[in-house]
Colleague: 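Here's a structure for you.
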Amino acid sequence: MQDIQDCRHVIATTGYKSRTGDVLLARKTAERLGILYVKREHISYEMLRERYRAKFLLVAKQGGLRLETPEGELFFHPNMAHLRVKHLALGQRDHMVEAMGLELGMTVLDCTLGLGADAITASFVVGDLGRVTALEKSPLIYEIVHYGLAHFLAGNYDLHAAMRRIEALGVDYEPFLRQLPDDSYDVVYFDPMFRHPLKESIQLAPLRLAAAPEPVSSAVIAEACRVARKRVVLKENSRSLEFSRLGFTKILGGKYSHVHYGVLNV
């Protein structure tokens with residue numbers, strides 16, 4: 001895993017009801033990240049933050065991991081992916097799938113896993129014959145989502161299988177891309193934190209606090225074009241100047257959608 005400098009102000013703990021499994025998960029996660037584990041003992045989150053000068057609390061609760069931030073709680077749940085998978089199964093469109101040109105058996109490198117909805121959707125489309133590798137630079141987001149992908153019990157079999165197939169790695173995409181051979185994946189995908197957040201995406205404020213803030217560079221796009229066999233795709237605010245800055249001239253997305261996709265055919 002990458003250098004975890006952004007874990008300097010993080011402690012691991014449990015919910016009020018500290019079940020044995022949650023305690024073990026909190027302890028193991030703390031050991032892996034090199035952070036302090038604190039026994040909850042019914043102390044409030046506010047008191048824990050003050051006592052340990054912690055900005056973030058990584059909480060093992062109800063069989064999963066959650067991140068308590070000053071902007072709210074961050075946790076894994078495949079709600080949005082579930083809706084997209086359901087629509088795709090009914091033959092409906094998905095703008096990301098169209099931008100990637102995804103088909104059964106394709107391989108995808110998702111450089112920005114985030115909460116995992118795009119990776120899960122891609123995994124559903126490419127199926128058992130395909131492969132989705134998803135990278136996440138933030139160790140906090142990675143721990144939460146990686147654990148969720150491996151352990152969340154989805155009632156829908158297709159969604160469950162799509163989550164379990166994803167190979168999630170806690171690494172920075174830039175050095176990862178550099179060490180890959182040419183034409184390693186069919187599609188290389190980026191969904192960085194938008195330079196100008198959408199007002200209606202206020203619920204993503206906790207994610208923005210924990211995510212890597214750096215914009216995608218032109219050098220990274222050049223590496224992605226070398227690694228991709230077919231396409232490099234960038235997701236951004238529909239009015240973003242990032243598309244032109246990075247050389248994306250083909251832009252796809254819904255007419256009234258606030259999110260668009262830049263496509264480079266390679």
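Just so it is clear, the model here is predicted, and its values are computed rather than measured.
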Colleague: Taking side chain as C-beta onward, heavy atoms only, is Val145 less than 4.5 Å from Glu136?
Modeller: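 Result no, sub-4.5 Å side-chain heavy-atom pair not found.
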Colleague: Side chain to side chain contact (heavy atoms under 4.5 Å, CB included) with Ala161: which residues, sequence neighbours excluded?
Modeller: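 Scan of Ala161 (side chain to side chain contact (heavy atoms under 4.5 Å, CB included), adjacent residues dropped) gives Tyr157, Arg165.
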Colleague: Do the side chains of Arg84 and Asp118 get close enough for a salt bridge, i.e. N-O under 4.0 angstrom?
Modeller: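 Yes.
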Colleague: Would you say Val125 and Val108 make side-chain contact, with heavy atoms under 4.5 Å?
Modeller: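 No - every pair of side-chain heavy atoms lies 4.5 Å or more apart.
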Colleague: Within a 6.0 Å radius of atom CD on Glu98, are there more than 12 heavy atoms belonging to other residues, nucleotides or ligands?
Modeller: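 It does: Glu98 CD has more than 12 such atoms within range.
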Colleague: Tyr37 versus Thr29: any side-chain heavy-atom pair under 4.5 Å?
Modeller: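 Result no, sub-4.5 Å side-chain heavy-atom pair not found.
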Colleague: State whether Arg27 and Glu31 are salt-bridged, where the test is any N-O pair (Lys NZ or Arg NE/NH1/NH2 against Asp/Glu carboxylate O) under 4.0 Å.
Modeller: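 Not counted as a salt bridge, because no side-chain N and carboxylate O are separated by less than 4.0 Å.
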Colleague: Any non-hydrogen side-chain atom of Gln62 less than 4.5 Å from a side-chain atom of Arg19?
Modeller: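 Of all side-chain heavy-atom pairs linking Arg19 with Gln62, at least one is under 4.5 Å.
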Colleague: Which label fits Phe75 and His77: parallel for a plane angle under 30°, tilted from 30 to 60°, or perpendicular past 60°?
Modeller: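 The arrangement is perpendicular - the two ring planes meet at more than 60°.
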Colleague: Is the closest side-chain heavy-atom distance between Leu109 and Leu180 below 4.5 Å?
Modeller: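 The answer is yes; the side chains approach within 4.5 Å.
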Colleague: Can we say Arg229 and Asp186 salt-bridge, meaning some charged N sits less than 4.0 Å from an Asp/Glu carboxylate O?
Modeller: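 Asp186 and Arg229: salt-bridged.
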Colleague: So, using salt bridge (Lys or Arg N to Asp or Glu O under 4.0 Å) as the criterion, who are the partners of Arg164 when residues are at least two apart?
Modeller: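 Salt bridge (Lys or Arg N to Asp or Glu O under 4.0 Å) check on Arg164 returns nothing, list empty.
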Colleague: Does any part of the side chain of Ile120, heavy atoms only, come nearer than 4.5 Å to the side chain of Ile166, both counted from C-beta?
Modeller: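 Result yes, sub-4.5 Å side-chain heavy-atom pair found.
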Colleague: Is there side-chain contact between Arg32 and Glu143, with heavy atoms separated by less than 4.5 Å?
Modeller: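 The answer is yes, as the side chains (C-beta and beyond) meet within the 4.5 Å cut-off.
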Colleague: Of all residues at least two apart in sequence or in a different chain, which pass the side chain to side chain contact (heavy atoms under 4.5 Å, CB included) check with Phe248?
Modeller: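 Checked Phe248 against side chain to side chain contact (heavy atoms under 4.5 Å, CB included); matches are Ile221, Val232, Leu234, Phe243, Leu246, Ile251, Leu264.
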Colleague: Using the side chain to side chain contact (heavy atoms under 4.5 Å, CB included) rule, pick out the option among Leu102, Val126, Thr121, Val187 that qualifies with Val132.
Modeller: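 With Val132 as partner, Leu102, Val126, Thr121, Val187 yield a single side chain to side chain contact (heavy atoms under 4.5 Å, CB included), made by Val126.
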